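Note sheet for the following structure.
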Amino acid sequence: MEIRINLDVMMAKRKIGSAELAERIGITPANLSILKNNKAKAVRFSTLEALCSVLDCQPGDILEYTREDN
Amino acid sequence: MQDWLKSKSILFSQIGVVLFALLLAVLDLGCWRIVNWFVALRGMGGQAVWGILAVLLLCSVFGWVLLWALWRLLGNLRQARVFTEENIALLQRVSLCCAAAALICVGGCFFYLPFLIAAAAAGFMALIVRIVRNVFQKALDMKNELDLMI
């Protein structure tokens with residue numbers, strides 16, 4: 001079971017690059033890369049709020065819950 | 001006053017390490033004389049000289065390694081590098097040095113029984129430092145997890 005962050009799809013829809021997105025939400029490009037590659041252990045609400053604000057979307061549009069089948 | 005003491009805390013620790021290093025150097029250089037004097041004072045056999053000398057010199061080797069590890073650790077702390085793999089390795093080294101000294105002192109009991117007290121003290125210190133190492137390891141794990149909180 002895991003929570004995945006699907007930023008690439010929303011970034012492509014809004015035609016915004018990684019560097020610009022990182023700058024607009026106030027995190028480093030390295031941290032944005034950690035988010036995009038699903039290496040993050042946790043996401044702050046403030047970061048999630050900034051993402052939704054910049055990408056003009058709902059949390060559900062970028063967060064996905066997947067259940068791994070055994 | 002408290003802030004001043006706090007800011008100088010690491011410096012005081014470094015001074016302590018230097019003082020112990022000086023003490024160890026004096027012991028190493030004067031080992032032969034000190035041991036001969038002690039053995040003559042206690043009226044012990046000639047074999048005891050070599051036994052006690054061996055214990056002191058072997059412990060001294062680990063003592064120098066331990067002091068160097070403490071010096072490196074304090075240097076890292078001064079540069080605000082606290083919870084790092086290097087510091088955990090240094091603490092492990094300190095613990096192992098204490099444990100080694102404890103074992104050597106146990107061996108030295110055959111020549112001079114009170115070495116048993118030094119063995120117990122060194123063994124206890126090894127345990128304390130090992131627990132501190134465990135704390136640092138846990139703190140590093142938590143820090144790594146926090147670093148991955150975006």
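Remember, it's a predicted structure, so these values are computed and weren't measured experimentally. Convention: sequence-line order gives letters A, B, ...; per-chain numbering from 1.
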Inset, instruction - Quick one: closest heavy-atom pair of T47(A) and I150(B), and the distance? - result: OG1-O, 3.2 Å
Legend entry - Closest approach of M149(B) to R44(A) (non-hydrogen atoms, all atoms of both residues): O-NH1, 3.4 Å
Inset, instruction - Please determine, among L32(A), N31(A), I27(A), the option with the most heavy-atom pairs under 4.5 Å with chain B. - result: N31(A)
Going only through I, L, V, M, F, W and Y residues with side-chain contacts under 4.5 Å, is there a path from [X] to [Y]?
{"X": "V26(B)", "Y": "L29(B)", "result": "no"}
{"X": "L74(B)", "Y": "F83(B)", "result": "yes"}
{"X": "L56(B)", "Y": "L67(B)", "result": "no"}
{"X": "V61(B)", "Y": "I34(B)", "result": "no"}

